[in-house]
Amino acid sequence: MRIRGDVFWTWADPTLHHRTHDETLGDGTFIDVQVRLSRTGTTQMFIGVYAPAGMALLEESFESRPGESMTTALAWGVARAKQVARDCGPAAGRFSHEM
């Protein structure tokens with residue numbers, strides 16, 4: 001179970017068209033990357049990285065990804081989430097908390 005922080009709840013808007021990539025990594029860390037189009041057509045993104053127990057290791061949002069399609073932004077976000085998980089997750093032997 002993920003424990004969502006303020007960054008997610010501020011960003012969330014289920015009425016907008018979006019795509020999601022959810023993945024549980026080998027060490028149990030969970031990544032959640034979402035991209036969407038704003039009402040004005042801007043690509044926006046949310047990245048969440050969660051410890052196996054659900055605590056947020058990182059939640060960040062981007063109000064604009066200039067020049068990126070949803071597909072490109074999603075690929076970048078997944079790579080960023082995996083890097084954060086490697087750097088801060090249980091396999092790294094420490095947890096950080098950035099929200």
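In this text, all values refer to a predicted model and were calculated from it rather than measured experimentally. Worth knowing before you read on, the calculation uses all heavy atoms, side chains too, and leaves out hydrogens, waters and symmetry mates.
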Mind listing the side-chain donor-acceptor pairs of residues 72-79 below 3.5 Å, one per line with the distance, residues two or more places apart or on another chain?
| residue | atom | partner | partner atom | Å |
| --- | --- | --- | --- | --- |
| Thr72 | OG1 | Ser69 | OG | 3.1 |

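Just one of Asp32, Leu57, Leu58 meets the side-chain contact (heavy atoms from CB on, under 4.5 Å) condition when paired with Tyr50; it is Asp32. Arg80 pairs in a side-chain contact (heavy atoms from CB on, under 4.5 Å) with only one of the listed residues (Ile31, Ile47, Val49, Val33), which is Ile47.
Looking at Lys82 and Asp87, no side-chain N of the basic residue comes within less than 4.0 Å of a carboxylate O on the acidic one, giving no salt bridge.
At least one side-chain heavy atom of Phe46 sits under 4.5 Å from a side-chain heavy atom of Glu59. Contact of the Phe30 side chain with the Leu25 side chain is not registered, since no non-hydrogen atoms from C-beta on lie closer than 4.5 Å.
At least one donor-acceptor pair closer than 3.5 Å links the side chain of Thr43 to the backbone N or O of Glu68. Here the side chain of Thr10 pairs a donor or acceptor atom with the backbone of Asp6 at under 3.5 angstrom. Side-chain atoms of Gln44 never come within 3.5 Å of backbone atoms of Arg36 as a donor-acceptor pair (strictly under, hydrogens ignored). Checking side-chain atoms of Ser38 against main-chain N and O of Thr42 turns up a donor-acceptor pair under 3.5 Å.
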- Assess whether side chain to side chain donor-acceptor pair (under 3.5 Å) is satisfied between Arg86 and Thr29, documenting all intermediate values. CA-CA 9 Å; Arg86 280 191 296 274; Thr29 303; over 6 Å; no
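Rounding to the nearest 0.5 angstrom, the gap separating the CZ atom in Phe8 from the CD atom in Glu60 is 14.5 Å. With values rounded to the nearest 0.5 angstrom, His18 atom NE2 is found 10.0 Å from Thr15 atom OG1.
With a 6.0 Å cutoff to the six-membered ring centre and a 45° limit on the axis angle, Arg4 does not count as a cation-pi contact of Trp11.
The salt bridge (charged side-chain N to carboxylate O under 4.0 Å, His left out) contacts involving residues 37-48 comprise Asp13-Arg39, where partners must be two or more places apart or lie in separate chains.
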